[in-house]
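Below is one structure, written out as structure tokens, with a few remarks after it.
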Amino acid sequence: MPKYIKRTVSTGTVGAIMNDQKSLDSLFDKLLTNEQIFTNKEVLRHSYTPDELPHRQNQVETLASVLVSVFRGETPSNLFVYGKTGTGKTAVVKHVGKALVRKIGGNFFAKPFHSTRTVPDFVSTITTHKCPVWFIYMNCEVVDTQYRLLAKLGEYFGQTIPLTGWPTDKVYDTFFSTLDMEERLVIIVLDEIDRLLRKGSDEVLYNLTRINSDLSNAKVSVIGITNDLNFIEFLDPRVRSSLGEEEIVFPPYDAIQIQDILSQRAKMSCRSLDVIDAGVIPLCSAFAAQEHGDARRALDLFRVAGELAERERSKRIVERHVREAKERIEQDRIVEVVKTLPTQSKLILYSCILLEKYEPSGISTGEVYNVYRDLCKLSASEVLTQRRISDIISELDMLGIVNARVVSKGRYGRTKEIHMGVPVTQVKRVLEQDRKIERVTTYVPPIQHRLS
DNA sequence: CGTCCACAGGAATCCCTGGGTT
DNA sequence: AACCCAGGGATTCCTGTGGACG
């Protein structure tokens, strides 16, 4: 826990107890009259889409020029959108989608309407146009398998499909037939589309991109969004060519651009601009620019810095708050990730931590496995195979908790060389809160000699 | 220069859960 | 009750391999 909280709590408590009635009253007064820094924190959240998107005019116009064919009654080309996280991809697509729907009178969906409800009355508003337009936004991080995606899509068209149980082709057929019941144009946005591929559910992409040739009434066009630039490489060539009819690239923001974005939001969220010290916004922006131009990071930094300032009852946000916020965000992330790890992963991670003391030059998979087995016995856990442990270590690596790279020690074989990627003492403390780990805290790994 | 270690990591299969249909 | 299906975690079996040692 950061120092400043301790300080505030201890002096506050002691003061309240020790001082007389008058200062107790004034303590409350101070709390009540304390002017907050934020008046509207919502605009700093990731989910908030502003009306203006600074430095994304190009992308907005390109996207609009692809979708404009809707007005001519044509099906827009399939589209592929890529750029790193926090570069405004989702915001731009949603923004243009809303504008399109408003103009043409269709329907914008970010979640399905309940199936018992009747279909919204957009059909009547649309009769002047060639056909109704449905704009459906879907995040594949949540719906990440073929089954779930099709089921969710079916839901948009009023079908009730169970979360599990049906064979996939039946789900597809149901979705297909309801979709084709009437003339309409459906624009499906698949955000984080790379998730589907990672889970091996890319068959659904193939089906979706060639669905038009089987449909007789409805038309579908797909917008795929990804932040994984290698994603395209691994895609089925047929899907790649079909999905990539058009492409829009979102380059990372530079520090100056992030400053613009952050200033815009800061203005909306704060009581007044006076509460922000001059260096704060540039510093947030600089930090965010370092992280591949992630605008969200800047917003997070600013929000947390503001919260820290409020907690301190400081009148203004200063640079120190930003630095503390940076620390804080990272710490919270780690604690959250470690705490929610499955027990087996925790045991593996704990093994790594125990070994690190003795092998500062890097730990091998075999060493981890030996310690892990001991820990399993002590904590009465099931022992998994080394194959699985190898995968779990890789998962921990991807989460950034450890760094594991494959090295060859020549005569002594190939293995992963594992280093801790985060502060050890804190992670250890979090792990030891787990009931299984609690039982093995006294374990000391046998000292292993090895040739070097 | 060939060997051979200590694993990496792919593929197929199994097991289990949560749900369906007949 | 008997049987089918998807999906996630785990196991089994497997082939592949960088480079220090001899």
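Reckoned from all heavy atoms, side chains included, excluding hydrogens, waters and symmetry mates. Every chain is numbered from 1 and lettered A, B, ... according to where its sequence line falls, protein lines coming before strand lines.
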- Query: Nearest of C/dA10, C/dG18, C/dG8 to any side-chain atom of A/Leu384?
  - Reply: C/dA10
- Query: Does A/Thr385 make a side-chain N or O approach to OP1 or OP2 of C/dT11 shorter than 4.0 Å?
  - Reply: yes
- Message: Distance check needed: C/dA10 P versus A/Glu382 CD, whole Å only.
- Response: 8 Å
- Query: Can you check the A/Tyr369 OH to B/dA8 C1' distance for me, whole Å?
  - Reply: 16 Å
- May I have the distance from A/Ile392 (atom CD1) to C/dG8 (atom C1'), rounded to whole angstrom? 13 Å
- Item | Main-chain N/O of A/Ser364 paired to A/Glu367 side chain as donor or acceptor, under 3.5 Å | yes
- So, is A/Lys170 near the phosphate of B/dG20, with a side-chain N or O under 4.0 Å from OP1 or OP2? no
- Task: Return the value, rounded to whole Å, for the distance between atom CZ of A/Arg405 and atom C1' of C/dG18.
- Result: 13 Å
- Query: Tell me: CG of A/Asp391 to C1' of C/dG9, nearest whole Å?
  - Reply: 10 Å
- Note on the structure: Separation of C/dG7 atom P from A/Leu150 atom CG, nearest Å, is 9 Å
- Message: Of the listed nucleotides (B/dA8, B/dC7, C/dT17), which one gets closest to any side-chain atom of A/Arg414?
- Response: C/dT17
- Item | Pair of N/O donor and acceptor under 3.5 Å linking B/dG10 base with A/Arg387 side chain | yes
- OP1 or OP2 of B/dG9 under 4.0 Å from side-chain N/O of A/Arg388: no
- Message: For the residue pair A/Asp191 / A/Tyr137, report whether a side-chain donor-acceptor contact shorter than 3.5 Å exists.
- Response: yes
- Under 4.0 angstrom, heavy atoms only, what part of the nucleic acid is A/Val383 near: base, sugar-phosphate, or nothing? sugar-phosphate
- Item | Donor-acceptor under 3.5 Å (A/Gln257 side chain, A/Asp254 main chain) | yes
- Message: Under a 3.5 Å distance rule, please check whether A/Asp194 uses its side chain to pair with a backbone N or O of A/Asp228 as donor and acceptor.
- Response: no
- Message: Just the rounded figure in Å: distance from P of C/dA10 to CD1 of A/Ile393.
- Response: 14 Å
- Task: Starting from the 5' end of DNA chain B, give me the residue, A/Arg411 or A/Gly165, whose nearest nucleotide shows up first.
- Result: A/Arg411
- Query: Would you say a side-chain N or O of A/Thr415 is under 4.0 Å from OP1 or OP2 of B/dA6?
  - Reply: no
- Within the structure shown, what part of the strands sits under 4.0 Å from A/Thr164 by heavy-atom distance: base, sugar-phosphate, or nothing? base
- Message: Using only atom types and a distance under 3.5 Å, with no angle test, would you say the side chain of A/Thr365 pairs donor to acceptor with the backbone of A/Thr415?
- Response: no
- Message: Could you tell me if A/Asp236 and A/Tyr206 have a donor-acceptor pair between their side chains, going purely by distance under 3.5 Å?
- Response: no
- side-chain N/O A/Trp166 vs B/dT21 OP1/OP2, d < 4.0 Å: yes
- Just to confirm, is there a sub-4.0 Å distance from OP1 or OP2 of C/dA20 to any side-chain nitrogen or oxygen of A/Ser408? no
- Task: Respond yes when some side-chain nitrogen or oxygen of A/Lys416 is under 4.0 Å from OP1 or OP2 of B/dA8, and no when none is.
- Result: yes
- Atom-pair distance (CG on A/Leu196; P on C/dA6), nearest Å: 17 Å
